[in-house]
Amino acid sequence: MTSSGTERILRYLDQHPNRVVEITQKLVQADTVFMGPGTPARQEKQCQEWIASFLTELGCTVDQWEPDPADFQDHPMYQQRLRWEERPITVGVLPGTGGGKSLILNGHIDTVTAEPLDRWTRSPWGAEVEGDRLYGRGAADMKGGIAAFLAVAEAVVRSGIKLRGDLMLQTVTDEETTGMGTVAAIQRGYRADACLVPEPSNFEIWVAYRGILYANIRVDGRPAHAEIPQPHWRAGGGVNAIDLMRKVMDGLDALSMEWQGRPDKQHALLATPRIFPTGISGGEFIASLPARCELQIDLTYLPANGDALGYGSAIRQEVEDHLARWAAADPWLRENPPRITWIQDYPAAETSPDHEFVQALSVAGREEGIKTRIGGLNSWADVASYLLAGVPSLCFGTGSIERAHTIDEWVSITELRRLSRVLARLVGGWCGAQE
Ligand SMILES: [Zn+2]
């Protein structure tokens with residue numbers, strides 16, 4: 001049963017169908033590409049200030065701040081040189097009247113690069129509308145999703161509805177490269193009874209996320225003239241570091257293969273983890289046996305593989321032990337073992353599909369004619385941070401994740417309106433809507 005309060009919010013949305021489009025356009029028009037730690041801010045601050053004034057006008061208590069990197073040096077996801085200057089985080093709170101459940105709606109304003117720009121058929125920041133499509137970098141991932149929840153907040157206030165529980169609207173920087181924006185919002189104390197992040201999930205309810213580990217593996221050989229026959233290395237001959245890395249890669253493949261059949265590596269909603277080489281460099285001169293080779297790897301893990309804090313310490317140990325055993329079969333590598341440097345660790349996390357918040361969203365979706373399927377994301381997303389903080393959290397949004405990060409990225413306007421209606425029902429039902 002939809003309450004009359006929720007009906008009024010829905011009616012407001014229907015009477016103002018272009019608001020979600022206008023808000024998405026405003027957000028897309030800000031260039032919020034983030035190229036990674038150490039690179040300058042673009043228009044994140046203007047974008048966040050626009051959101052802050054939007055929320056202030058609605059009567060929200062607005063908190064906007066630039067986190068201090070010193071507070072996050074030891075965090076497993078933190079990257080050196082990450083700074084928040086000109087890249088603030090914004091949280092608007094619409095205080096409830098009491099007696100309802102609180103809800104966080106969270107989205108990231110940062111986008112990945114729009115390069116190669118010359119292959120776009122329209123400006124990535126033009127926010128052009130053509131038919132049902134709104135084009136632009138971040139339109140799908142995930143400024144459209146943010147616009148949907150901002151439009152809902154506006155509809156709540158402008159239709160004169162009071163929510164019982166607090167509604168928190170968070171827009172963060174740093175999801176795409178480090179995930180530290182939401183970590184900073186949690187550290188500032190923002191918690192609720194549930195959290196929804198409208199990433200482009202194609203109206204699937206994502207309740208599970210894989211953890212990710214990035215590492216660098218280095219092997220050292222011994223440089224020598226490549227064309228001159230070499231004595232055995234024990235007699236001072238050269239050793240080719242690239243050949244050594246081939247053995248290391250075989251070892252990583254063997255572990256990946258073993259995982260495919262292992263019960264602890266299976267999950268109903270997530271793919272079985274693997275180890276992928278994603279970068280390699282080595283060799284100093286074309287006529288020299290390389291002295292050094294480095295490999296970058298990306299590997300994933302399931303929530304059940306996480307340690308007590310949800311992170312991949314056990315997986316790190318497993319990979320190190322396996323590689324040490326594997327390398328021991330090679331006399332040189334036994335004495336000169338590969339060295340692994342772990343770069344980042346994004347924790348795996350999940351919430352039960354039976355949780356009342358998941359059920360509430362399923363009902364809201366059904367009422368809008370969406371057969372909401374339960375799914376998982378084989379990558380990591382900001383919600384994992386909220387899950388680890390003990391807040392039941394999920395992703396649910398319009399458009400498919402395959403449309404994210406692409407040339408001519410777009411979002412469907414019909415779907416944006418539909419997403420707003422689902423979120424309005426969720427907010428009204430979860431927080432409690434009073435006329
Ligand atoms: Zn995203």
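Whatever order the structure lists them in is the order used to number ligands and atoms, beginning at 1.
W206 and F396 have their aromatic ring centers separated by at least 6.0 angstrom. With ring centers used as reference points, W84 lies under 6.0 Å from F72.
Salt-bridge annotation for K26 and E22: absent, with no side-chain N of the basic residue lying under 4.0 Å from a carboxylate O of the acidic one. Here R122 pairs with E130 in a salt bridge; the nearest charged N to carboxylate O distance falls below 4.0 Å.
None of the N, O or S atoms belonging to E175 lies under 2.8 Å away from the Zn ion (ligand 1). When distances to the Zn ion (ligand 1) are checked against a cut-off of 2.8 Å, E199 contributes an N, O or S atom below that limit.
Minimum-distance N/O/S atom of D141 relative to the Zn ion (ligand 1): OD1.
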